[in-house]
Protein chains: 2
Amino acid sequence: MGDLIGDVVETELYYIGKREFDRVRNANAAPAEVIALAADMARLNALYMIAKAGSGHIGSSFSSLDVITHLYLSELGKGDVFFSSKGHDAPALYAVLIATGVLPEDKLHGLRRLGGLPGHPDISIPGLVTNTGSLGMGISKAKGMLAANRLAGKSGRVFVMTGDGELQEGQIWESLVSAANAKLADLTVVVDHNKFQSDFAVARTSDLGDLVAKFTAFGFHAVRIDGNDPVALAHTFRMLAEITDKPKVVIADTVKGKGVSFMEGTSIDSDVEMFRYHSGAPKADEYRLAVEEIEARLARRCAAINIEPVQVEKTERPTVAPAPAGAQRLFPAYSAALEAAAEADKSIIALDADLALDMGLLNFAQRFPERYVECGIAEQDMVSQAGGMALKGLTPVVHSFSCFLSTRPNEQIYNNATEGTRIVYVGGLSGVVPAGPGHSHQSVREISAVGGIPNLVMVEPCHPDEVGPLLRWCLAEHDGPSFLRLVSVPWPTAVRLPDGYTPRRGTGVTVRGGKDATIVTSGLVMVAEALGAAERLSAQGIEVEVVNLPWLNVVDSGWAKALAERTPAIITLDNHFRLGGQGQHVLAALAAANPARMPRILSLGLEDVPPSGRNDEVLALLGLDAAGIAESLGSFLATRH
Amino acid sequence: MGDLIGDVVETELYYIGKREFDRVRNANAAPAEVIALAADMARLNALYMIAKAGSGHIGSSFSSLDVITHLYLSELGKGDVFFSSKGHDAPALYAVLIATGVLPEDKLHGLRRLGGLPGHPDISIPGLVTNTGSLGMGISKAKGMLAANRLAGKSGRVFVMTGDGELQEGQIWESLVSAANAKLADLTVVVDHNKFQSDFAVARTSDLGDLVAKFTAFGFHAVRIDGNDPVALAHTFRMLAEITDKPKVVIADTVKGKGVSFMEGTSIDSDVEMFRYHSGAPKADEYRLAVEEIEARLARRCAAINIEPVQVEKTERPTVAPAPAGAQRLFPAYSAALEAAAEADKSIIALDADLALDMGLLNFAQRFPERYVECGIAEQDMVSQAGGMALKGLTPVVHSFSCFLSTRPNEQIYNNATEGTRIVYVGGLSGVVPAGPGHSHQSVREISAVGGIPNLVMVEPCHPDEVGPLLRWCLAEHDGPSFLRLVSVPWPTAVRLPDGYTPRRGTGVTVRGGKDATIVTSGLVMVAEALGAAERLSAQGIEVEVVNLPWLNVVDSGWAKALAERTPAIITLDNHFRLGGQGQHVLAALAAANPARMPRILSLGLEDVPPSGRNDEVLALLGLDAAGIAESLGSFLATRH
C-alpha cells in the first residue's frame with residue numbers, strides 16, 4: 001500500500017481478463033499443461049484481489065489453486081459441487097469462478113468491498129453453495145446436500161476442500177463417521193495439506209500424525225498425492241471414480257504460497273519460523289517480485305504449448321488513506337498487562353488456539369514457555385483443558401477470536417462455570433470491524449452467546465489504558481469466569497479516561513459531558529464513534545453526554561437508576577447485534593430500577609448479519625459511524641415524545 | 001413405585017452397609033474375587049439408589065462397575081484420580097465411593113435429592129473431581145489436570161471413563177491429538193464399550209468402526225479386553241503401567257446392565273430392540289427380581305471364598321405421591337403435529353441426536369424412514385448437515401435436549417442462520433425441571449445462548465394445544481430459523497387458551513384476568529405456577545393477571561407499550577436464568593417502547609446454577625413454584641413504590 005521499493009513507489013496492479021482464460025482453455029495441449037497454466041493465471045488474479053483489498057489469504061489460495069483449477073476445468077460435471085470448508089482460500093476460488101464465467105468478470109476488482117466479493121464465502125455470490133470460514137463444518141454440510149439429493153432422486157457429487165490445520169477441529173472427525181457408515185461414495189474430501197496453519201507449522205502447533213491411517217480407520221478410502229501436480233490430480237480423481245463403496249479423501253500434499261518462490265512454505269525453516277503469508281496483503285516490493293515470477297512462468301508455459309503469451313492487464317493501485325494519526329491499538333497493552341500479571345502470579349497460564357500472533361501472545365510464549373499451551377484449532381478441547389487446570393488451582397487465560405471462543409466451546413465454558421473456577425476468556429477480533437473477513441469472523445454475538453452464564457462477567461476496554469485495569473479485575477478481583485472482549489483493529493479515538501479512573505463493576509464513566517441525551521456504549525470503536533457523533537451534534541447545538549460502560553452484561557441497579565433520573569434520553573450503542581447486546585442489558589436494568597422518571601430510549605446496534613466490506617463503508621452502511629450515529633440521534637431527539 | 005407384582009405391592013428396598021464392604025475387602029481371597037464380589041455389592045447399592053430416587057441410569061452403572069471397583073480397590077494410588085466423562089454412571093461411582101469411605105454412608109439414601117447426590121457428578125461431592133454429564137469433555141479436562149500437575153512438579157495419573165456412544169462426539173477426537181503429541185503416559189482412557197446408547201445399539205445408531213485402529217491412528221496405545229472380568233482388568237492395567245511413551249486407552253468390552261440377566265444388553269436382539277434400562281427406575285417387580293438375582297450371586301461368591309454371607313439391609317420404599325391428575329404432556333402433541341406436518345409437506349426431514357424416544361420421534365422414524373436421520377451424539381455434525389439439507393430445499397427439524405442443542409452446535413446454528421434458510425430446532429428437557437439429572441441437563445440458558453441470532457425466533461408452548469400452532473408457525477410462516485423449546489416433564493396446569501387462539505408474533509395472551517399486577521411468562525411449568533400463584537394471591541384479595549407470552553426472544557413493541565400502560569406492575573417469570581432470559585427481552589421492550597407510564601417491575605428466574613433434586617423441592621428452593629412466586633409477588637406489591 002504505497003510502500004517504497006528503494007525510491008520508487010509501486011503503484012500498479014496486474015490481472016488477467018476472462019478472454020485470456022478462454023483462449024488458454026481452448027489451446028490444443030495436454031489437459032495437465034492447460035490446468036497448470038490456468039492455475040498460475042488464477043494465482044496472479046488471486047494476488048491481484050488480495051493486493052487491491054489490502055488483505056486476504058495468499059498462502060492457502062496459492063496452495064489450493066491446482067486442485068481447484070483441476071476440479072473446475074476437468075472434474076466437475078452436472079449436479080456436482082465443490083466448496084471449501086476452510087473458506088479463507090476464497091480468492092483462489094473466486095479467481096477460478098471468474099475464469100470459468102460462473103462469476104462476472106468485474107467482481108475481480110471488488111474483493112472485501114461492499115457489493116463485491118466477501119472475505120469468506122457467502123451464498124449470495126454465484127457459484128458459492130454454502131457459507132464457510134468457520135472451520136470444520138464442510139463435510140457435515142456436504143453430507144446434508146447429498147442426503148437431499150438422494151431424497152430428491154438427484155445425482156451429483158460433492159467435493160469438499162479442508163485445510164490441514166482445520167483437521168484439528170473435532171467436528172471433522174465427528175462428521176466422518178456417518179459418511180463411512182452410509183458408504184457415501186459421492187463425497188470426496190480434499191485436504192489442502194500445505195503444512196502451515198495461522199501461526200506456525202501444523203507439525204509444531206498440533207501434529208496431525210498419519211493422516212492416511214486416521215482417515216482409513218474412520219472408514220474412508222484415503223490416498224496421498226502431490227496436490228500441486230496436475231498430472232497426479234488427474235490420475236487420482238480418475239482412480240477414485242472407481243471406488244463406489246466408500247467416501248474418499250485425497251491428502252493433497254501442497255506447498256503453502258505455491259508459485260512464488262519466496263512465499264513458499266518450503267523456503268523457511270518450519271521448525272522455528274512463522275509463515276509470513278498466511279493472511280494480509282503483500283508489501284509493494286514483494287508484490288512486484290511475485291508478479292514478475294508468475295509472469296515469467298506464464299510465458300514459459302505458453303511457449304511450451306505453442307500459444308501466444310498471456311496478456312496481463314495493468315491498473316492503478318487504489319490510493320489508500322494513511323492510517324489515521326492517533327489510532328490506538330489494544331493488543332500491545334493487553335500483551336504487556338498479561339505478561340506483568342504472569343510475572344507476579346505463577347498460577348497464570350495462557351492457552352491459545354493457533355492465534356498467538358493475533359492475540360498478542362508471541363512474547364508471552366517466549367517468556368513463559370512452560371505456562372503457554374498451544375492447543376491448535378481445537379477450541380472445545382482448549383476450554384475443557386482450561387477447566388481441568390483451574391480445578392487444580394491454576395488461573396487459565398484462554399485465547400481465540402471472539403466469534404469462535406464464545407460459540408464453538410459454548411457448552412464447555414458453561415460446564416467450567418458450573419465448577420465455580422476462575423478462568424479468563426479473552427476474545428480478539430471483536431465487533432463488526434474489521435469488516436473484510438465477513439460474517440464468519442465478525443464477532444457480534446458473544447454478549448448474548450455467553451453473557452447469560454451466571455457469574456460470568458464480560459468486559460470491554462475503550463482505550464489501551466483501560467485494558468490493564470480490566471484484565472487485573474478479571475484475574476484478581478472477580479471470583480469466577482470472565483470474558484475480556486477486545487477490538488483488534490487500530491482505531492483513532494478522542495477518548496480520555498479520567499485521572500485515577502478505576503473500573504467499578506456495573507457502572508459507567510462519563511467521558512464527555514452533555515445535557516440533552518446520553519450515549520451508553522463500550523469498546524475502542526464505539527466510544528470513539530460516539531464521541532465523534534457528539535462532536536457533530538454539538539455543532540448543531542445539541543450536547544450529548546458519552547458514557548463508557550465497560551461492563552457488557554452486568555449493570556449496577558443504583559447506577560442505572562441515577563442515570564435514568566439525570567438524563568432526558570438514553571441511547572445504547574452496540575458493536576454487536578442489538579438483540580442480546582449490552583444495550584439490552586442496560587434497558588432491562590433501567591426498567592427494573594423503577595426510576596422516578598424514565599428517559600426516552602433509542603437502541604442502536606446491528607440488526608442483521610453484517611456484510612463484508614471496507615471498515616468505513618460497512619460502519620456507514622450500518623449507521624454505526626459517527627455520522628450515522630449523529631443522524632439517528634438527531635432525528636430521534638427532533639421527534640416529539 | 002408401588003407397581004403390582006401379581007397382587008402384591010412391593011414396598012421394600014435393599015442395600016448393603018459400608019461395614020460389609022470393609023469385611024469383604026479384608027477377606028483372605030484372590031483380589032479378583034474380592035473385586036467381583038464388591039462390584040456386585042455396589043450393583044445392589046446403585047440399584048437401590050436409583051429405585052429410591054425413581055430415576056437414574058442402571059445400564060451403564062452396571063456395565064462400568066467392574067472397572068470402577070477395580071480402579072478404586074487396586075489401582076488408584078496417591079495423587080491418582082478417576083472420573084467418568086459420561087457421568088450418568090454416577091450411581092455406580094457413588095456406590096464405590098461410599099464403599100471405600102470417600103463419601104459418607106448416609107449419602108446412599110439421597111440420590112437426586114437436594115443435599116444428597118446429584119444425578120450427574122458435581123465437585124461439591126467428596127471424591128468427585130470435575131463436573132461431567134455433558135459428553136466428550138473428559139479427556140480434555142484430564143489433560144488440563146495433568147498439565148497442572150506437571151507445572152506444580154506433582155505426579156499422579158488420571159483415569160477417565162468414557163461411554164462408547166460418547167465417542168461420537170467430536171471433542172473426543174479433538175482431545176486425543178495433543179495427548180499423543182505430548183506422550184501423556186499418565187493418561188488412561190477407559191471406554192465402557194457396552195454397545196448401547198440412549199436409544200438403540202451403538203452399531204445401529206452410528207457405528208464406531210474399529211476402535212483400536214482409530215485410537216492407534218490417533219497415537220494412543222490401545223488394548224481391547226473384557227471389561228467385566230476383574231482378572232483381565234488387573235492384567236491389563238499391570239501391562240499398561242509398562243507403557244511410558246504414550247497415552248493409553250482400554251476398550252473395555254462390557255455388557256450394558258451387567259449383573260442382572262434380564263437387564264443385560266446381550267439378552268435382546270440389538271438389531272431391532274431398544275435397550276430398556278438406559279435411564280429410569282426399574283418397575284417394582286423387576287426390582288425384586290434383580291435384587292434376588294444379585295443376592296443369590298453374592299451368596300455364591302461369599303461361599304466360594306469362605307466368608308459369611310453379605311448382610312443386606314432392608315428399608316421401606318418411600319411412598320411417592322401419584323402423578324397429579326390433569327398433568328399435561330407436550331411431547332405427544334409435538335409428535336402428532338410433526339407427523340401431520342410431514343404428511344402434508346414432503347420437504348420436512350427430522351434429524352435426531354440419539355434421543356428419538358425422549359424427543360417423541362419413534363413413530364416418525366417408522367412412518368417416514370427416508371426422512372428420518374439418526375445422527376448419533378454428534379450435535380455439531382447434525383446441525384451442519386441440516387444446514388446442507390436446507391440449502392437444497394429441505395426443511396430440517398433438528399432435535400436434541402435444549403441444553404445440548406443450544407450450546408454444542410452454537411456456532412453451527414449461527415452459520416446456518418447466515419444462509420437465511422428455514423430450519424426448526426426443537427429442544428426437549430427445557431427448563432429447570434426435571435431437576436434430578438442436575439445442571440448438565442437442566443436447560444436454563446438457551447434463550448441467551450441462541451436468542452441473539454438475528455431472525456432466529458424462539459417459542460415455547462404452555463399447553464399441548466399450543467404446540468401444533470407454534471410448530472406450524474415455525475414450519476410455514478416464519479422465513480428463517482426458529483427454536484421450539486419444550487418442557488419434557490408432565491405438569492398439571494389450569495391454563496386454558498382462549499377459543500380460536502392463534503399465536504401472533506411477539507404478543508402475549510391473557511390466560512387469567514387481574515388488575516393489580518401482570519405476570520408475563522411462558523411454557524408448561526411457569527404458566528401453570530403463575531396461575532397457581534395468582535390463585536393464592538386472589539385469596540388475599542390481590543388480583544393478578546397472567547399473560548402467556550410464547551415468544552421468548554421477540555416482543556412486539558406496540559403490545560409491550562399497551563401492556564405497560566394498562567397494568568401497575570409487571571412480573572417477568574423465567575424457567576431460565578434471569579440474565580438473558582425472556583424477562584430481559586420483555587423489560588428491554590418495555591423500556592424501548594417509551595410508554596406514557598412505566599409500571600413497576602419485578603423479575604423472577606434463576607440466579608445461579610441450579611441444584612439437582614426432586615422437582616418440587618428444587619422449584620420451592622428457587623422460589624419458582626406457585627407458593628414462592630406468590631410470596632415474592634405479595635412482598636413486592638406490599639412495598640411502596
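Please read all numbers here as calculations on a predicted model, not as lab measurements. Throughout, a chain's letter reflects where its sequence line sits, starting with A, and its residues are numbered from 1.
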key: CG on B/D381 to OG on A/S175, rounded to 0.5 Å   = 5.5 Å
request  = To the nearest 0.5 Å, tell me how far A/I423 CD1 sits from A/I413 CD1.
outcome  = 9.0 Å
Top residue by heavy-atom pair count (under 4.5 Å) with chain A, among [options]?
options	result
B/N415, B/V212, B/L394, B/L602	B/N415
B/G580, B/A213, B/A378, B/A390	B/A378
B/E169, B/R150, B/Q385, B/K346	B/Q385
B/S206, B/A589, B/G387, B/G209	B/S206
B/I570, B/L146, B/V177	B/V177
B/T572, B/T418, B/D210, B/V609	B/T418

request  = Give the C-alpha distance, both sets of side-chain angles, the deciding distance and a yes or no for side-chain contact (heavy atoms from CB on, under 4.5 Å) between B/T639 and B/R600.
outcome  = CA-CA 11 Å; B/T639 57; B/R600 296 176 64 203; 3.2 Å; yes
So, do [X] and [Y] sit near enough that their side-chain heavy atoms are less than 4.5 Å apart?
X	Y	value
B/D608	A/N455	no
B/L151	A/M389	no
A/I123	A/F83	no
A/L606	A/D574	no
B/F404	B/I377	no
A/P454	A/Y414	yes
B/L176	B/K214	no

Report the option among [options] that has the most heavy-atom pairs separated by less than 4.5 Å from atoms of chain B.
options	result
A/K143, A/E379, A/Q380, A/K154	A/Q380
A/R597, A/R371, A/M382, A/H585	A/H585
A/G581, A/G388, A/G133, A/A180	A/G388
A/A147, A/A148, A/G420, A/A591	A/A591
A/S134, A/G138, A/A417, A/S178	A/S134
A/I453, A/I172, A/V450, A/I447	A/I453

Side chain, backbone, both or neither: which part of [X] has a heavy atom under 4.5 Å from chain B?
X	answer
A/V129	backbone
A/F577	side chain
A/I349	side chain
A/E419	both
A/L590	neither
A/H576	neither
A/C375	neither
A/S603	neither
A/P121	neither

Region of [X] that comes under 4.5 Å of a non-hydrogen atom in chain A:
X	result
B/N181	side chain
B/P599	backbone
B/R445	side chain
B/E370	both
B/E374	neither
B/A592	both
B/N149	side chain

If you compare all heavy atoms of [X] against all heavy atoms of [Y], which two are closest, and at what distance to 0.1 Å?
X	Y	result
A/V160	A/A142	CG2-CB, 3.5 Å
A/G87	A/T132	CA-OG1, 3.7 Å
A/S85	A/G136	OG-N, 3.9 Å
A/A449	B/N410	CB-OD1, 4.4 Å

key: Sole candidate of A/Q171, A/K141, A/E174 that passes side chain to side chain donor-acceptor pair (under 3.5 Å) when paired with B/S384   = A/Q171
task = Test A/T130 against A/M137 for side-chain contact (heavy atoms from CB on, under 4.5 Å), laying out the working first.
result = CA-CA 10 Å; A/T130 180; A/M137 303 179 190; over 6 Å; no
